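Here is the structure we will look at.
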Amino acid sequence: MTTHAGTEAELKNLLDQALHATGTGARWTVDTDEVWCRVAPLSGSGREQGWKLHLSATAASAPEVLTKALEVLLREESAFKFARSLDQVSALNSRTTPRGNSGKFITVYPRSDADAARLARELHRATAALAGPRILSDQPYAPHSLVHYRYGSFVGRRRLSDDGLLVWFIEDPDGNPVEDKRTGRYSAPSWAVCPFPASVPAPPRPADAAGGGPVVLGGRFAVREAIRHTNKGGVYRGTDVRTGDPVVIKEARPHVEADASGRDVRDWLRAEARALEKLKGLGLAPEPLALFEHGGHLFLAQEQVPGIALRTWVAEHFRDVGGERYRADAPAMVARLMDLVAAAHAQGCVLRDFTPGNVMVRPDGELRLIDLELAVLEDDSPLPTRLGTPGFSAPERLADAPVSPTADYYSLGATACFVLTGKVPNLLPEEPAARTAQQRLAAWLAACTGPLGLPDAAAEVILGLMRDDPAGRWHPSRAREALRGAVPARPARGAARPAGDDGPHDPVAGLVGHLVGSMTPADDRRLWPVSTTAGETDPCTVQQGAAGVLAVLTRYFELTGDPRLPEVISTAGHWIARRTDTASTRPGLYFGGRGTAWALYDAGRAVDDRGLTDHALALALAPQESTPSHDITHGTAGGGLAALHLWHRTGDARLAELVVDAADRLAAACRREPSGISWAAPAEAVTPGAGQRYLGFAHGTAGIASFLLAAAPVTRRPEHMELAVEAGEQLLAHAVLTGAAAHWPAKPTEAPTAPYWCHGAAGIGTFLLRLWQVTGDERFGDLARRAAHAVAEHASRAGLTQCHGLAGNGDFLLDMAAGADDPAYRAMAEDVARLILAERAHRHGHIVFPNEYGDVSTSWSDGSAGILAFLLRLRHADPRHWMVQPPV
């Protein structure tokens, strides 16, 4: 197999050879980074936006496509770039690549519209008949052309959107910024005049109705709706017009996931069709109906299996019946999964991707295998692949080991773990690798045993199926026998040793070491590394920026006096101060300037730096940009809460005025409807939450009311306290009680959501606890206790972080321990800490944790800073970050 270095050199060598052959090397500059090789003319400067060209290719065709394109481009003076290696070409064409980014092997930045039209024509002629996928975000220059075009930005101009994320932008003719969206459909700005000749129209997606009627594929299957769209193609629900039966139709686009031999996702779809034929009539998988081509794409129609995916069944059954009943039902589901795998193997079918997403649970409880595109039959020559599902695919499977049923045993164990505990732990690689995956999984299962009442036999079965050595893995029949008769124990809180100091591997010290060691003050863009999978925010904010990390390190210094920290805190504080404008700030606590001011003021106070405290006050007092949002994260309540904290710190009357102003604004913006009071952003607002009435802490009623409750003693306006109590009444009305637990929906009209800080019970319970403390109304106290029960019951299913995970949930449990004066809640928090620590990874003396996307991040909301904050509170009984306790 060609190495990454070899494929990189191959494409770069083609450029070097072309520059030498044409004698144009002196006219161009060449620069490379991890992904791209950029080529720019020495003469003249390019445009900032306009019509740009993209050429696609496969890993097999890329060298020839690049050679042909260079013959055109090196005669011109338009800048261009290309993927620096064949590995990168494969990544661009992967089935998992976002549809708006896929296929763009070469990008050309024409100097003018006329150049764009001429270059497109010449590049189309030069690369005719070569292979490459259609680029979904662009318009093809001609039918089957590798050349595509779209209007967009030529340079990296970004700005903060209304929801606080950095987005690429272009300018309209009046100079107003417009987001440069990269989606899976071509869409040009209305004011951009297209210089290209009329081309083939983009074919409608099968889910689009042409002329008001359904799209019919293969002359037989009418499409009703899309289940999902991915780079490899869509999956659709439809109807067989011959029989009237419901069907599922899977699509495979040409050249996606193409390898050096030219095989692509169409070959995987053919493999799935063969597997379905093999299992036909056995009640193990959907019945196959037809494999056919339509519009150059390959489609597979199959019986629609009624029911829900196992992944959904696990979440919904737990939600609907509660933890005690779920623990009794789960082993029977695991036994059925074992029977399902054994039955497939008996037919000579190795599944290679057995996961909770690839099993359907019918209404009668029977199971069906779906998405069998990686399955291999006895008489098949398997397609080589490293594709799989992290956490569920055996490690050797992801290294393209020979096909073996033992890899399915591993996947069966992981799926059993998911059913019994609600998740499979994300065990990041360690450096150096001192512990085996088996040892780390065993530690995590041990942390689950007490809170879940997990039978010893269940943990033994999971570990037996998921052994590191494929030859030692248990056969499903052995696992089924071991599980037979296993009876769940009663959950036991705080049964294991307290979570805390691990001696030479103290997790708090390891986390602090990671944060200190990963700070990069010379980087102008980011002070600490963060995950940008869910979008990138302002680099100075609490949510995902430097302020969140700074606040936790400041607290750690105040608690421990660590001599390393004053310099770190000062450096970080001044890095932030240089990048924050005191002329105006964005609203909100987590995404806004006052949250940053909160962190800066406390940091300056801790290290006795008057420059930081003065800048923080100026930032807090700066005019705020107009916002339609009222919530804690982006809006008025968050800015008011930060002003309230700083008023408590300084006594500055100007800050008290800001608190009163924020509370008055919220009182004026409150709307009363049959479902209760709400603070929805106007429907016409340009924000994802426009028109939505949320109940939770981050974006809705609980967070806003928490600010009003804390502000009422300062504002001395009875209506502010009355609104907080009215919000509590609304949350009482929308609570969904399951056993001893209370859950809430994100919005009044929806089903209950997971019990996290952002939308669920941990955040709503945080407010109800404080409302109970202030009013003495036992109804609020009872619901806060029920919210804590929901959090503890859900613990093994949760991620690790503050916003959607255990760190935020654990902070709420510590609030309950103090507010209710009940040590049982501290025991629950210690259980949470053990689950968090069981997923830690040691890296060169530091400790890192995975976020919900499997990345390593330092940030407050989804990374190490938020986890450290909870562990510090557990160790030092410290106040909670970003909260102002109302007087009781």
Side-chain angles (χ1 to χ4, degrees), residues 318-327 450-453 490-495 695-697 700-703 705-706 709-710 724-745 752-798 805-833 835 870 873-874 877 879-880 883 885-886 888:
F318 178 85
R319 178 196 71 196
D320 294 340
V321 305
E324 185 174 352
R325 169 70 184 279
Y326 183 88
R327 286 191 295 273
L452 276 181
R490 290 188 63 82
R493 300 294 170 199
L695 297 175
F697 200 97
T701 299
S706 185
L709 184 68
V725 173
E726 193 172 350
E729 297 287 352
Q730 179 193 19
L731 294 170
L732 286 176
H734 286 290
V736 178
L737 305 183
T738 306
H743 295 272
W744 283 265
T753 189
Y756 298 142
W757 171 84
C758 186
H759 282 297
I764 290 173
T766 292
F767 164 61
L768 291 175
L769 168 64
R770 286 157 174 76
L771 187 60
W772 171 46
Q773 290 176 290
V774 170
T775 65
D777 190 325
E778 188 57 35
R779 296 176 304 151
F780 301 133
D782 177 63
L783 266 195
R785 287 187 286 269
R786 287 176 174 270
H789 189 92
V791 162
E793 198 172 58
H794 189 270
S796 68
R797 301 164 176 268
L806 291 173
N809 290 7
D811 268 331
F812 166 53
L813 292 173
L814 290 177
D815 288 353
M816 286 295 298
D821 193 23
D822 188 340
Y825 297 111
R826 180 174 177 84
M828 293 179 187
E830 289 178 347
D831 286 338
V832 164
L835 284 167
F870 163 60
R873 288 191 71 204
L874 192 67
R880 188 170 179 178
M883 294 294 297
Q885 183 72 24
V888 178

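Residues: numbered from 1 along the sequence shown. The model shown is predicted, which means the values in this text are computed figures rather than measured ones.
- Here D320 pairs with nothing under the side-chain hydrogen bond (donor to acceptor under 3.5 Å, both in side chains) rule; sequence neighbours left out.
- In this structure, the side chains of T738 and V321 stay at 4.5 Å or more apart for every pair of heavy atoms.
- The two residues A790 and P755 come nearest to each other via the heavy atoms O-CG, 3.8 Å.
- Using a 4.5 Å cut-off on side-chain heavy atoms (C-beta onward), L783 and W744 make contact.
- Between atom CD of residue E793 and atom CZ of residue R786 there is a gap of 11.5 Å, rounded to the nearest 0.5 Å.
- The minimum heavy-atom distance between W772 and D777, with the atom names listed, is CD1-O, 3.2 Å.
- Side chains of D811 and R873 form a contact here, defined as non-hydrogen atoms less than 4.5 Å apart.
- At least one side-chain heavy atom of T766 sits under 4.5 Å from a side-chain heavy atom of M883.
- Considering only residues two or more places apart in sequence or on other chains, R797 meets the side-chain hydrogen bond (donor to acceptor under 3.5 Å, both in side chains) condition with none of them.
- Taking each heavy atom of L874 and R826 in turn, the nearest pair found is O-NH2, 2.6 Å.
- Of the listed residues (H759, H743, H734), just one forms a side chain to side chain contact (heavy atoms under 4.5 Å, CB included) with P752, and that residue is H743.
- Shown here for A820 and Y825, the closest heavy-atom pair between the two residues is CB-CE1, 4.1 Å.
- Proximity of T701 to I764: side-chain heavy atoms (C-beta onward) are nowhere separated by under 4.5 Å.
- Surrounding CD of E324 are at most 12 heavy atoms belonging to other residues, nucleotides or ligands under 6.0 Å away.
- In this structure, the side chains of L814 and R880 stay at 4.5 Å or more apart for every pair of heavy atoms.
- Here the shortest heavy-atom pairing between L731 and L695 reads CD2-O, 3.8 Å.
- A donor-acceptor pair under 3.5 Å is absent between the side-chain atoms of R319 and the main chain of A754, judged by distance alone.
- Between R770 and D815, the closest side-chain pair of non-hydrogen atoms falls below 4.5 Å.
- Heavy atoms only, all atoms of each residue included: L732 and R779 are closest at CD1-NH1, 3.4 Å.
- Going from atom CZ of F780 over to atom CG of D782 covers 11.5 Å, rounded to the nearest 0.5 Å.
- Applying the ring-ring contact (aromatic ring centres under 6.0 Å, His included) test between H794 and each of Y326, Y756, F812 identifies Y756 as the sole match.
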